[in-house]
Number of protein chains: 2
Amino acid sequence: MPDFIYNGKIYYNPVEFAMDQIGGTWKMPILWRLKGRKMRYSELQKDIPHITQKMLSTQLKELEKNGFITKKVFPTVPPKTEYALTAKGKRAIAVITVIREYGLELMKESGTTHRSAGE
Amino acid sequence: MPDFIYNGKIYYNPVEFAMDQIGGTWKMPILWRLKGRKMRYSELQKDIPHITQKMLSTQLKELEKNGFITKKVFPTVPPKTEYALTAKGKRAIAVITVIREYGLELMKESGTTHRSAGE
DNA sequence: CGGCATCCTGAACGATACTG
DNA sequence: CAGTATCGTTCAGGATGCCG
């Protein structure tokens with residue numbers, strides 16, 4: 001598998017590249033929430049359990065930079081922002097869906113303990 | 001999305017759970033090599049560029065523990081081991097294929113630079 | 001050949017406080 | 001409301017050396 005360079009970083013395979021774009025703890029959960037509707041910053045924070053404000057902010061910025069989401073700022077008082085998926089972001093949803101269903105399958109197999117509600 | 005517990009660790013969503021099982025830098029590349037054939041330790045190490053011995057060893061152990069691969073030891077001199085996919089591991093290949101193709105697609109879009117051969 | 005033990009670094013992530 | 005700034009911690013992963 002060839003090596004690739006993007007933004008000065010070396011990737012050893014396509015999987016690694018994909019995971020750097022939509023992987024990590026928070027990117028898929030964020031994209032997943034935006035499936036189907038625009039959301040405000042505070043909505044996302046309320047909707048995604050355990051995410052810190054710093055992580056939300058950082059990840060949103062990266063997702064925007066990589067073209068998965070758009071950010072629209074309304075210059076009102078108080079300020080208002082809206083995050084939405086781009087076409088690229090919607091394409092990612094298809095992949096996330098596959099991974100997500102696989103995760104559910106694995107959980108079922110593993111007899112993983114359910115703890116609390118919240119999705 | 002509910003929280004889950006597995007092996008004493010808390011997961012916030014199915015995606016995170018799946019990624020903990022087959023994610024990280026090396027697990028998918030390893031599983032991918034085992035698609036279709038058994039491989040020895042040294043074969044894997046030669047075949048996967050840049051992986052250190054420690055990472056290969058650690059990841060193989062985790063993959064075995066989680067039921068994705070089997071390890072067969074031949075008590076010969078010198079020692080010989082063979083790693084192979086289980087049914088669970090083969091199921092993972094389907095998911096990896098999707099992610100991998102998505103990665104290739106992303107690379108193409110991104111005009112990512114090709115560096116060297118070697119897959 | 002097929003590993004394990006040890007030490008170490010850097011990036012990811014978290015907590016807290018502050019601001020336009 | 002929607003963030004930024006700063007500081008502290010954790011941990012994946014790398015480097016090196018040794019062993020059955």
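Basis for what follows: all heavy atoms, side chains included, without hydrogens, waters or symmetry-related copies. Note on naming: letters A, B, ... go to the chains in the order of the sequence lines (proteins, then strands), and numbering restarts at 1 for each one.
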From dC1(D), dG13(D), dG3(D), nucleotide with atom closest to M55(B) side chain: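 Within the option list, the nearest is dG13(D).
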Would you please test Y83(A) and L63(A) for side chain to side chain contact (heavy atoms under 4.5 Å, CB included) and show each step? CA-CA 10 Å; Y83(A) 293 93; L63(A) 286 171; over 6 Å; no
In whole Å, I'd like the distance from the [atom1] atom of [X] to the [atom2] atom of [N].
{"X": "I48(B)", "N": "dG14(D)", "atom1": "CD1", "atom2": "P", "result": "12 Å"}
{"X": "Q53(B)", "N": "dC4(C)", "atom1": "CD", "atom2": "P", "result": "7 Å"}
{"X": "D20(A)", "N": "dA12(C)", "atom1": "CG", "atom2": "P", "result": "8 Å"}
{"X": "L56(A)", "N": "dC1(D)", "atom1": "CG", "atom2": "P", "result": "14 Å"}
{"X": "E16(B)", "N": "dA12(C)", "atom1": "CD", "atom2": "P", "result": "17 Å"}
{"X": "I30(B)", "N": "dG2(C)", "atom1": "CD1", "atom2": "P", "result": "15 Å"}
{"X": "L44(B)", "N": "dG2(C)", "atom1": "CG", "atom2": "C1'", "result": "12 Å"}
{"X": "I51(B)", "N": "dG2(C)", "atom1": "CD1", "atom2": "P", "result": "15 Å"}

Checking all strands, does [X] fall into the base, sugar-phosphate, or nothing category for heavy-atom contacts under 4.0 angstrom?
{"X": "F74(A)", "answer": "nothing"}
{"X": "T25(A)", "answer": "sugar-phosphate"}
{"X": "Q45(A)", "answer": "nothing"}

State whether the side chain of [X] and the backbone N or O of [Y] hold a donor-acceptor pair below 3.5 Å, judged by distance alone.
{"X": "S57(B)", "Y": "Q53(B)", "answer": "no"}
{"X": "K72(B)", "Y": "A84(B)", "answer": "no"}
{"X": "E16(A)", "Y": "Y12(A)", "answer": "yes"}
{"X": "T86(A)", "Y": "F68(A)", "answer": "yes"}

Do you know which two heavy atoms are closest between M19(B) and M19(A), and how far apart they sit?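 So the minimum-distance heavy-atom pair works out to SD-SD, 3.6 Å.
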Can you name the nearest heavy-atom pair linking L106(B) to S110(B), along with the distance? O-OG, 2.6 Å
Is the shortest side-chain N/O distance from [X] to OP1 or OP2 of [N] below 4.0 Å?
{"X": "S42(B)", "N": "dC1(C)", "value": "no"}
{"X": "Y41(B)", "N": "dC4(C)", "value": "no"}
{"X": "Y12(A)", "N": "dG13(D)", "value": "no"}
{"X": "R40(B)", "N": "dG2(C)", "value": "yes"}
{"X": "T52(A)", "N": "dC13(C)", "value": "no"}

Can you confirm whether more than 12 heavy atoms, excluding those of K90(A), are under 6.0 Å from its NZ atom?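 Open.
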Divergence of helical axes at both termini of the helix from dC1(C)-dG20(D) to dG20(C)-dC1(D) - five pairs an end, 10° steps: 50°
Sorted by number, residues from residues 57-68 of chain A placing a heavy atom under 4.0 Å from DNA chain C are none
In terms of hydrophobic clustering (I, L, V, M, F, W, Y; side-chain heavy atoms under 4.5 Å; direct or indirect links), are M28(A) and I10(B) co-clustered?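 They do share one cluster, since a chain of ILVMFWY contacts under 4.5 Å joins M28(A) to I10(B).
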What about the rings of F17(B) and F4(B), do their centers lie closer together than 6.0 Å? no
Evaluate the side chain to side chain contact (heavy atoms under 4.5 Å, CB included) criterion for residues I69(A) and I30(A): first the C-alpha distance (whole Å), next the side-chain angles of each, then the deciding distance (0.1 Å), finally the verdict. CA-CA 10 Å; I69(A) 62 174; I30(A) 291 171; 5.5 Å; no
Between the protein and nucleotides 6-10 of chain C, which nitrogen or oxygen pairs come in under 3.5 angstrom?
none

Salt bridge present between E43(A) and R37(A) (N-O < 4.0 angstrom):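 Counted as a salt bridge, because a side-chain N and a carboxylate O are separated by less than 4.0 Å.
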